[in-house]
Asks: 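First the structure, then my questions, so here it is.
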Amino acid sequence: MKTMRARLTVTYIALVAIMIAVIWGVNCWYLEDFYVREKLDSLNDAYEAIDSQITENEEQGISIGEAMKQEQDKDGNITEGNLRRLVREFSDKTNVSILMIDNGTSETAIYSTARDAKFLKDRADRYIFGQTHANFKILEEYDNYKIQQTFDPWRDGMYLESWGFFSDNSTAFIMSVPLSSIRESVALSNRFLAYVGFLAAVVGAIVVYFLTKRIARPLGELSVLSGKMSNLDFDLKYEPQKNEVEEILVLGNSMNTLSERLKESIGELKSVNNQLQKDIEEKTRIDEMRKEFIANVSHELKTPIALIQGYAEGLQEGLGEDKESRDYYCDVIVDEAGKMNKMVKQLLTLSSLESGNDKTVMERFDLVELIRGVVSAAHIMIQQKGVEVRFDEQGPVQVWADEFKIEEVVTNYLSNAVNHADGEKVISIRIRQEQKRVRVSVFNTGAPIPEEALPNLWTKFYKVDKARTRAYGGSGIGLSIVKAIMDAHHQECGVENWENGVEFWFTLDSSTEC
């Protein structure tokens, strides 16, 4: 009984039942009084009409007998006087029995519309001469007539009667209508109303049950749609049917619009939430990097500072008495200070690149000439390490890049190769054309880098072999600078292991367009 269709059907049946009960009560308690009032008015109207006609006839010299006569002519047509026609039409219309007694002639004349005229004549005589023994109640009383409600014990019936004289004072009358008929009519009307009402309730309930489907179906669909929306499922949409109710159509369209807007809003909220989550993770990562950076810088500076402090204190305490010892102490101090200075410069360079303050100045230059210059500048270091550098490129290779920054990239790659070259101690520099860009690789013979260490090479302060890196003054920042420079150029860089060595590479734009 919770569905709308069932509730509407039950509500309709209840309303019909209540209406039938109300009509039944009105019939029982008020219909008879209403009928009596109507009949009272009819009796008064009849008296006025008949009395007016009698007066008019007297003025025209028409006797009661002539006004009440009924004749049949030679053709068989029935003619009647105006008074008789008036009385007959009223009696037929209101179902009132009328009897008139004309005492104005030598012989009393009686005119009646009732079949039992003698019964009405006797009642009239008893009323006129005050000989009635019936129970009656006077309802209205006038100068020439009365209207009363009478119970006749002989016929066991209640009557509404009007009796008295017309204004000519010679014509007596009685008008009578039984009230038992109205009571029977009320009972019959109520019984008929019960049958018709029951049938109407059943048929109406069936019709209402099926008609409400037109409203219940879309409301059910909208209910399912709202349930999906409450579960954040916005894929279901309301599909209006042909000849849909306008209010349901508006509601369905509004639900669809609401679903779309909620979907968009929740999507935006999810995007914002994801971005916020990323920002939080990024902040956490940056905090961790900052902590790690401080720890790494502290660690990298701790050794040179300790050496500088130790050798300086030794000089203060006079440990270096001979010139050779003092020169050794001073060389250590200068060397460690140089390493610290180099690391600080690299950190400043990396910070400037990562913050975007160091703008990339794009220009076109010869990459071959740049590499030759870097190799020439590192000639002394190459000789000291006993390394052979092979670079056989002859023709010019024009590229678009920041020449100063690319020189730093090549220098870092070459420096790493020189310091890690082993075995044959050969470094091979190659330039390979790839459509609109070139690929520069720096290969050195020696032991490959552990595979698990390859992804971390570009991280600040990361060192595969910390002891070896410390020996040649490396800080673990050089490759981070390379990665930052290539990101600023929107180019790629990487590292590959070979059986006999390691290859570092990067790409540059070699297109002819500006």
Side-chain angles (χ1 to χ4, degrees), residues 296 346 350 367-395 397 399 401 405-487 489-510:
N296 288 330
Q346 287 180 327
L350 182 60
L367 182 60
V368 173
E369 187 65 30
L370 182 143
I371 294 174
R372 286 177 180 166
V374 172
V375 173
S376 177
H379 179 69
I380 297 175
M381 180 179 66
I382 293 171
Q383 281 188 339
Q384 289 175 347
K385 297 290 184 177
V387 177
E388 179 187 357
V389 177
R390 297 174 182 174
F391 180 59
D392 302 327
E393 191 70 34
Q394 298 297 325
V397 178
V399 294
K405 290 183 174 62
I406 299 304
E407 181 180 356
E408 189 167 1
V409 172
V410 176
T411 301
N412 271 292
Y413 274 1
L414 182 59
S415 175
N416 279 343
V418 170
N419 290 314
H420 289 87
D422 206 351
E424 298 178 2
K425 290 192 175 184
V426 174
I427 297 175
S428 179
I429 303 175
R430 296 185 181 90
I431 299 177
R432 187 175 65 192
Q433 190 72 38
E434 296 179 349
Q435 294 182 352
K436 293 184 178 182
R437 68 178 186 175
V438 295
R439 187 176 189 269
V440 181
S441 62
V442 179
F443 171 82
N444 66 272
T445 59
I449 299 173
E451 291 294 328
E452 65 274 9
L454 292 178
N456 300 318
L457 291 177
W458 316 99
T459 305
K460 290 187 290 291
F461 299 108
Y462 182 78
K463 301 172 185 177
V464 178
D465 187 346
K466 296 184 179 180
R468 184 172 182 178
T469 304
R470 175 66 190 167
Y472 67 81
S475 60
I477 302 175
L479 291 180
S480 298
I481 294 175
V482 170
K483 186 70 170 65
I485 290 174
M486 299 318 299
D487 287 343
H489 282 77
H490 305 291
Q491 295 295 329
E492 298 176 356
C493 61
V495 60
E496 294 182 25
N497 275 327
W498 297 91
E499 292 182 0
N500 60 336
V502 179
E503 179 187 26
F504 283 87
W505 58 270
F506 66 92
T507 62
L508 289 175
D509 181 14
S510 63

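As the structure is a prediction and not an experimental result, all values here were calculated from the model. Basis for what follows: all heavy atoms, side chains included, without hydrogens, waters or symmetry-related copies.
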Asks: Please report the closest heavy-atom contact between Trp458 and Val482, naming both atoms and the distance.
Replies: CZ3-CG1, 4.1 Å
Asks: Roughly how far apart are Ser510 OG and Lys436 NZ, rounded to 0.5 Å?
Replies: 9.5 Å
Asks: Determine the minimum heavy-atom distance between Asn456 and Glu452, stating which atoms define it.
Replies: ND2-O, 3.7 Å
Asks: Could you measure the distance from the CZ atom of Arg372 to the CD atom of Glu393? Nearest 0.5 Å is fine.
Replies: 8.0 Å
Asks: Look up atom CE in Met381 and atom OG in Ser415, then write down how far apart they are to the nearest 0.5 Å.
Replies: 4.5 Å
Asks: Measure across Ala417 and Val442 and return the closest heavy-atom pair with its distance rounded to 0.1 Å.
Replies: CB-CG1, 3.9 Å
Asks: Any side-chain heavy atom of His379 sitting closer than 4.5 Å to one from Val375?
Replies: no
Asks: Verify side-chain hydrogen bond (donor to acceptor under 3.5 Å, both in side chains) between Gln491 and Asp509, making sure each step is shown before the conclusion.
Replies: CA-CA 8 Å; Gln491 295 295 329; Asp509 181 14; 5.6 Å; no
Asks: Gly395 and Val368: which non-hydrogen atoms are nearest, and at how many Å?
Replies: O-CG2, 3.2 Å
Asks: Contact between Val495 and Val502 at the side-chain level, heavy atoms closer than 4.5 Å - yes or no?
Replies: yes
Asks: Once rounded to the nearest 0.5 Å, what's the spacing between atom CD of Glu492 and atom CZ of Phe506?
Replies: 13.0 Å
Asks: Return the CD1 to NZ distance between Ile485 and Lys483, rounded to the nearest 0.5 Å.
Replies: 12.0 Å
Asks: Give a yes or no on whether a salt bridge exists between Glu503 and Arg439, defined as a side-chain N under 4.0 angstrom from a carboxylate O.
Replies: yes
Asks: Does any non-hydrogen side-chain atom of Val374 lie less than 4.5 Å from one of Glu408?
Replies: no
Asks: Starting from the C-alpha separation in whole Å, work towards a yes-or-no answer on side-chain contact (heavy atoms from CB on, under 4.5 Å) for Val409 and Val440.
Replies: CA-CA 11 Å; Val409 172; Val440 181; over 6 Å; no
Asks: Going by an N to O cut-off under 4.0 Å, is there a salt bridge joining Glu434 and Arg437?
Replies: yes
Asks: Of all the heavy-atom pairs spanning Ile429 and Phe391, show the shortest one and how long it is.
Replies: O-CD1, 3.3 Å
Asks: In terms of relative ring orientation, are Phe504 and Tyr413 parallel, tilted or perpendicular, with 30° and 60° separating the classes?
Replies: tilted
Asks: Give the intermediate values and the outcome of side-chain contact (heavy atoms from CB on, under 4.5 Å) for residues Thr507 and Val438.
Replies: CA-CA 6 Å; Thr507 62; Val438 295; over 6 Å; no
Asks: Are more than 12 heavy atoms from other residues, nucleotides or ligands located less than 6.0 Å from atom CD of Gln433?
Replies: yes
Asks: When you measure from the side chain of Thr445 to the backbone of Lys425, do you find a donor-acceptor pair of N or O atoms at a distance under 3.5 Å?
Replies: yes
Asks: Can you tell me how far CD of Glu496 sits from CD1 of Ile449, rounded to the nearest 0.5 angstrom?
Replies: 11.5 Å
Asks: Just do the side-chain contact (heavy atoms from CB on, under 4.5 Å) check on Leu367 and Ile406 with the steps written out, would you?
Replies: CA-CA 9 Å; Leu367 182 60; Ile406 299 304; 4.2 Å; yes
Asks: Taking the side chain as C-beta and beyond, is there a heavy-atom pair between Asn497 and Glu451 under 4.5 Å?
Replies: yes
Asks: Step by step, work out the side-chain contact (heavy atoms from CB on, under 4.5 Å) result for Ile427 and Leu414.
Replies: CA-CA 8 Å; Ile427 297 175; Leu414 182 59; 4.2 Å; yes
